[in-house]
Structure formats: C-alpha cells, structure tokens
Amino acid sequence: MTTFSIAGKRDVLPTQFTNQSFLMNDIRIIIIEDHDLTRMGLKAALKQHSGITVIGEAATGQEGLRLLNQLQPDVAIVDIGLPDLDGVEVTRKFKDAEDPSQSAATKVLMLTMHDTEESVMAAFAAGADSYSVKDVDIKQLVEAIRLTHEGQVWIDPAIARIVLSQAKRMAPIAATGDITQAGDDYTQVLESAPLTERELEVLELIVAGYSNAKIAEELYITVGTVKTHVCNILNKLSASDRTQAAVRALRTGLVR
C-alpha cells in the first residue's frame with residue numbers, strides 16, 4: 001500500500017488488496033476528486049454494486065495522474081475542478097502518453113458540476129470518453145461506467161444537447177434536411193434500408209440522452225428489444241456508437 005501526502009492531507013491509494021478480493025472481470029475504478037465527502041461517497045456507493053471495484057483514489061491532479069500511470073485502471077472517474085492540475089489537463093497528459101494500440105486502454109469518465117459548453121467540449125477535446133454531472137443518480141453512474149468500459153461514449157442527458165449542437169454547427173446542412181445533402185457514406189445505406197418508424201423513435205430518445213432502460217420504459221418495450229433497435233440503427237447509420245449515431249441523426253435531419 002502506497003501513501004501520498006497531499007496539501008496537508010494523507011490520501012491512501014491502495015495498490016494491492018490485503019483484506020478484500022475481487023473478481024478478475026470486475027471493472028477496476030479509480031476516483032480523482034478533491035472533495036473528500038464526494039470522493040468518499042462515490043467510493044461507498046460504488047462498493048454496493050457488483051462487478052465494480054474501486055482500486056484507488058486521489059485528491060489532486062498530480063497524484064491522480066501518478067495513480068493513472070501506476071494502476072492503469074479500466075475506468076477513471078475524474079473531476080474537472082481539481083486544485084492543482086485540472087481534470088482536463090490530467091486527461092490530456094494521460095491520453096497523450098498512453099499507447100493507442102492497447103486494446104485495454106483506460107477510459108476516462110468526467111464527473112463534474114460544470115455543464116457549460118466550454119468545459120464539456122474541452123473535456124472531450126482532451127480525450128475524455130464520457131461525461132456526467134455530479135448530481136447523476138448512482139444507477140445512471142453505474143450504467144455510465146459499464147458503457148464507458150465497453151467502449152461506448154456516455155453523455156449525461158443534461159449536457160447531451162451541448163455536444164450534439166456543437167457537432168451540428170461544425171457540419172451544417174441545408175435547412176431542408178434532405179438526407180442526400182449530408183454527403184456521408186451512410187446516406188446511401190439509409191436510402192436502401194431506411195429506418196423504421198420504431199427505430200426513428202428510438203433514435204430520437206438516443207439523441208435526447210436516454211439510456212436503453214429509459215427507452216424501454218418510455219416505449220413500453222423490453223431492454224432486449226431496445227438493444228436490437230440500437231444495433232440496427234448503428235448499422236444503418238454506419239455509426240460505431242450511440243453518440244456518433246446521434247450526431248449523424250442531427251446532421252442529416254433525421255432528428256431535430
């Protein structure tokens with residue numbers, strides 16, 4: 001066990017487990033958050049969910065960066081407002097030094113009170129994989145962690161529109177919304193295999209930031225059915241994840 005002294009506080013960063021064991025397929029988490037109560041609360045809440053193990057924590061950006069390099073977790077929950085090196089810079093430094101060829105690269109989930117366009121876009125530009133506000137429900141946070149670990153981009157519904165609106169401004173199309181004006185390869189696929197009415201309903205909820213469970217609840221269908229629709233949507237839009245599908249939906253005028 002390694003102990004670091006930080007600004008008059010002692011943060012214990014566990015590097016090995018002596019009194020507890022965890023399954024090999026558990027998602028290994030570290031928390032980089034300067035607010036003691038928030039960090040402790042997150043750790044306690046996540047311990048209640050199987051399949052997730054918190055393996056370390058830090059209260060400053062510098063110690064968080066050291067911890068990232070030391071433990072190479074599956075997912076790092078990083079606060080933007082750190083006292084020395086902010087979360088955006090921590091993410092940028094870590095991602096820049098990370099080997100992109102590694103299939104098991106650490107994913108970064110930003111967790112913060114900042115939901116301004118500037119902070120959101122800065123986080124993603126630095127290499128963050130997902131973004132959530134701090135008042136997120138713990139069940140949503142657990143889902144965000146799992147999806148982020150699987151390689152999907154999870155964006156809190158409260159800020160999803162910021163990202164999608166930015167993407168739409170960067171690639172505007174004519175006001176008519178004619179799908180052929182987007183000029184992307186996936187438009188040809190849509191012409192031959194257009195989205196069904198149900199798939200369009202699911203896509204609209206994806207753009208709104210709904211999770212699969214929330215979509216199922218909204219449309220009165222099973223989560224398994226939602227996953228099938230999402231898979232079909234990704235294939236038809238030639239999208240690698242939900243966020244890319246949402247961006248393309250806005251660009252082509254499928255969703256407004």
Side-chain angles (χ1 to χ4, degrees), residues 1-112 123-132 134 136 138 140-154:
M1 181 173 292
T2 304
T3 303
F4 295 98
S5 177
I6 304 174
K9 298 183 292 184
R10 290 173 62 81
D11 282 341
V12 178
L13 310 179
T15 58
Q16 57 184 328
F17 296 86
T18 56
N19 297 320
Q20 69 177 94
S21 60
F22 62 96
L23 299 177
M24 291 301 293
N25 60 350
D26 276 8
I27 302 174
R28 300 162 57 253
I29 304 291
I30 67 169
I31 302 172
I32 305 175
E33 160 67 56
D34 67 313
H35 193 278
D36 290 341
L37 290 179
T38 299
R39 190 176 65 255
M40 293 169 61
L42 277 174
K43 182 178 179 181
L46 291 175
K47 285 179 65 176
Q48 303 303 313
H49 293 266
S50 61
I52 294 177
T53 300
V54 178
I55 63 171
E57 56 188 285
T60 70
Q62 292 288 1
E63 296 302 336
L65 186 58
R66 184 186 306 181
L67 191 62
L68 276 165
N69 292 318
Q70 178 185 0
L71 298 183
Q72 296 290 312
D74 297 316
V75 178
I77 298 176
V78 183
D79 178 31
I80 282 187
L82 298 171
D84 55 341
L85 194 65
D86 67 41
V88 172
E89 191 61 21
V90 169
T91 301
R92 180 180 293 110
K93 286 179 177 293
F94 176 69
K95 291 288 187 176
D96 285 348
E98 195 174 38
D99 184 354
S101 65
Q102 292 181 344
S103 58
T106 296
K107 308 296 184 182
V108 174
L109 168 60
M110 285 289 185
L111 188 64
T112 179
F124 281 116
D129 298 282
S130 294
Y131 198 110
S132 178
K134 283 187 177 179
V136 66
I138 187 61
Q140 281 189 304
L141 179 59
V142 169
E143 181 178 11
I145 290 171
R146 296 190 193 282
L147 290 175
T148 302
H149 177 242
E150 292 171 3
Q152 298 188 47
V153 177
W154 194 92

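- For the side chain to side chain contact (heavy atoms under 4.5 Å, CB included) criterion with L82, the lone passing option out of I32, L65, V88 is I32.
- Take H49 and apply the side chain to side chain donor-acceptor pair (under 3.5 Å) test, not counting sequence neighbours, and it matches no residue.
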### Task
Might you work through the side-chain contact (heavy atoms from CB on, under 4.5 Å) test for K95 and T106, ending with a clear yes or no?
CA-CA 9 Å; K95 291 288 187 176; T106 296; 5.8 Å; no
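- Minimum heavy-atom separation, A59 to P83: O-CD, 3.8 Å.
- The number of heavy atoms from other shown groups lying within 6.0 Å of NZ (K134) is above 12.
- Separating the CE atom in M40 from the CD1 atom in I31 is a distance of 11.0 Å, to the nearest 0.5 Å.
- In this structure, CD1 in I27 is found 7.0 Å from CG in D74, a value given to the nearest 0.5 Å.
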### Message
Determine whether I77 and I145 satisfy the following criterion, side-chain contact (heavy atoms from CB on, under 4.5 Å), listing intermediate values before the conclusion.
### Response
CA-CA 9 Å; I77 298 176; I145 290 171; 3.9 Å; yes
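- Considering every non-hydrogen atom in both T148 and D129, the closest pair reads CG2-CB, 4.0 Å.
- For the residue pair V78 and G87, the shortest heavy atom distance occurs at CG1-CA, 3.7 Å.
- Shown here are the side chain to side chain donor-acceptor pair (under 3.5 Å) partners of T91, two or more places apart in sequence or in another chain: there are none.
- Closest approach of L71 to I30, counting heavy atoms only: CD1-CG2, 4.1 Å.
- Put simply, NZ on K93 and CG on N69 are 11.0 Å apart, with the number rounded to the nearest 0.5 Å.
- Salt-bridge check for E143 with R146: failed, with every basic side-chain N at 4.0 Å or more from each acidic carboxylate O.
- Taking CG of L85 as the start and CZ of R92 as the end, the distance is 9.5 Å to the nearest 0.5 Å.
- One finds no salt bridge joining D79 and R39 here, because no Lys/Arg side-chain nitrogen approaches an Asp/Glu carboxylate oxygen to under 4.0 Å.
- When every heavy atom of Q152 is checked against every heavy atom of S130, the shortest pair comes out as O-OG, 3.8 Å.
- For Q62, there are no side chain to side chain donor-acceptor pair (under 3.5 Å) partners at least two apart in sequence or on another chain.
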### Query
Stepwise, does the side-chain contact (heavy atoms from CB on, under 4.5 Å) test hold for Y131 with L111?
CA-CA 6 Å; Y131 198 110; L111 188 64; over 6 Å; no
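- Among all heavy-atom pairs drawn from D26 and I52, the shortest one is CG-N, 4.2 Å.
- Between E33 and K43 no salt bridge is recorded (no basic side-chain N to carboxylate O distance below 4.0 Å).
- F94 contributes atom CZ, which lies 5.0 Å from atom CG of L68 (distance to the nearest 0.5 angstrom).
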